[in-house]
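All values below were derived from every heavy atom in this structure, side-chain atoms included, with hydrogens, water molecules and symmetry-related copies excluded.
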Amino acid sequence: ESERVGKSLALGIVTLDSFMSMSSMGFGPQGYYNFKMGDYWSTHNNAKDLFPHPSWQTLQMRNEHCSGKMMKVAYEKVKTIDIPTKEVYKTNNDGSRKAVKVAGRKGISLLMCYAFKNGEKQSIILFNRSFNEQRTAELRFPSKPSRNVTLHKLTHSDPRATNRKVYQVKPVTEKRNDFKDGYRIEVPPSSLIILTTPQ
């Protein structure tokens, strides 16, 4: 069960969430996976198919499409949730279980945004933490952006979808020429969209 859930698109978004949170605090290189096939912390399903797992895909898309300096992002209005403190059971390597408390947090944003600038190129990462609600982002900029934009999407109708046996969670690229200040875009549940402007 942990393999099935851990290889899902939803957990791919969680992986990117953790990576971006650490990056925004100034952490440098972060190692999450071994480049290998199979179970546990692997990047691909098997040596024959080489279907990438969504967690690998989200990190790959961030590294491929975002470069330069991370810019400050200010949220004007965003839906948040509160997560209560909860007791969970941690399983040790020997199979024994121990109860631990995970501290709750208040005001957790459901839609996350990060932005990068490298010369004239801008990259905006949007991902939806919600498992079952689509979110709408409206983007505002300090200066007029290029009308040309490329959307790199990783999404699926079922956030539980994996690439363990079938390559069904695939990145899709779409070019548009309607980008502007106040641009609105829908981000499906447990999904990633990266917008890039030309250099």
Side-chain angles (χ1 to χ4, degrees), residues 1-67 70 83 86 88-100 102 105 108-114 116 123-133 135 150-174 187-196:
E1 180 65 11
S2 67
E3 271 295 293
R4 186 183 67 78
V5 172
K7 298 296 192 292
S8 68
L9 174 60
L11 265 288
I13 297 302
V14 170
T15 302
L16 180 66
D17 194 359
S18 174
F19 181 91
M20 293 307 304
S21 177
M22 293 306 203
S23 293
S24 70
M25 291 187 276
F27 284 80
Q30 302 173 56
Y32 281 72
Y33 294 92
N34 293 321
F35 189 82
K36 68 172 191 172
M37 284 63 74
D39 297 336
Y40 307 113
W41 293 86
S42 62
T43 58
H44 294 74
N45 69 330
N46 61 53
K48 179 183 175 186
D49 299 324
L50 283 177
F51 298 152
H53 296 307
S55 289
W56 177 258
Q57 291 173 301
T58 59
L59 297 177
Q60 183 180 34
M61 288 173 67
R62 180 266 177 243
N63 290 337
E64 184 177 340
H65 303 300
C66 304
S67 61
M70 190 180 287
I83 300 174
K86 185 175 183 180
V88 298
Y89 286 92
K90 177 182 175 183
T91 303
N92 298 315
N93 288 338
D94 64 3
S96 62
R97 291 171 27 125
K98 178 182 177 183
V100 294
V102 177
R105 291 177 60 195
I108 303 297
S109 172
L110 290 179
L111 183 66
M112 295 301 294
C113 179
Y114 293 91
F116 294 82
S123 307
I124 299 119
I125 296 176
L126 296 169
F127 58 85
N128 187 352
R129 287 171 162 165
S130 175
F131 191 77
N132 52 22
E133 288 183 356
R135 310 302 315 155
T150 303
L151 276 59
H152 309 276
K153 303 177 183 179
L154 190 67
T155 186
H156 194 278
S157 58
D158 181 6
R160 298 174 184 84
T162 73
N163 289 337
R164 292 178 68 227
K165 295 181 179 176
V166 178
Y167 193 16
Q168 58 182 341
V169 181
K170 298 181 182 180
V172 174
T173 299
E174 178 184 341
V187 186
S190 297
S191 294
L192 165 66
I193 299 177
I194 300 178
L195 301 93
T196 58

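Without hydrogens or angle criteria, Thr58 side chain to Gly12 main chain gives a donor-acceptor distance under 3.5 Å. Checking side-chain atoms of Gln168 against main-chain N and O of Thr162 turns up a donor-acceptor pair under 3.5 Å. Judged purely by atom type and a 3.5 angstrom limit, Asn163 uses its side chain to pair as donor or acceptor with the backbone of Pro52. Ser8 places a side-chain N or O within donor-acceptor distance of the main-chain N or O of Val5, the cut-off being under 3.5 Å.
The heavy-atom pair separating Arg129 from Ser109 by the smallest distance is NH1-O, 2.8 Å. The minimum heavy-atom distance between Trp41 and Lys36, with the atom names listed, is O-CE, 3.8 Å. Between His152 and Thr173, the closest heavy-atom pair is ND1-OG1, 3.5 Å. Here the closest heavy-atom approach between residue Tyr167 and residue Val169 is recorded as CE1-O, 3.3 Å. The two residues Thr155 and Ser191 have their closest heavy-atom pair at OG1-OG, 2.6 Å. Considering every non-hydrogen atom in both Thr196 and His65, the closest pair reads CG2-O, 3.5 Å.
You'll find the side chain of Met20 stays beyond 4.5 Å of the side chain of Met112, heavy atoms only. Between Phe131 and Ser190 the shortest side-chain heavy-atom distance falls below 4.5 Å. At least one side-chain heavy atom of Met37 sits under 4.5 Å from a side-chain heavy atom of Leu50. Counting heavy atoms from C-beta on, the side chains of Lys7 and Phe51 never come closer than 4.5 Å. Using a 4.5 Å cut-off on side-chain heavy atoms (C-beta onward), Ile124 and Cys113 make contact.
To the nearest 0.5 angstrom, Asn128 atom CG is 6.0 Å from Leu111 atom CG. Lys90 contributes atom NZ, which lies 9.5 Å from atom OG of Ser96 (distance to the nearest 0.5 angstrom). Between the OG atom of Ser23 and the CE atom of Met70 there is a distance of 5.0 Å, given to the nearest 0.5 Å. Atoms CG and CG, from Leu192 and Asp17 in turn, are 11.0 Å apart once rounded to the nearest 0.5 Å. Put simply, OG on Ser42 and NE2 on His53 are 3.5 Å apart, with the number rounded to the nearest 0.5 Å. In this structure, CD1 in Ile125 is found 8.5 Å from CZ in Phe19, a value given to the nearest 0.5 Å.
Atom CG of Asp94 has more than 12 heavy atoms from other residues, nucleotides or ligands within 6.0 Å.
Between His44 and Trp56, the angle of the ring planes lies from 30° to 60°, which puts this pair in the tilted group.
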**Report entry** Met61/Leu16 under side chain to side chain contact (heavy atoms under 4.5 Å, CB included): CA gap, chis, key distance, verdict
**Finding:** CA-CA 10 Å; Met61 288 173 67; Leu16 180 66; over 6 Å; no
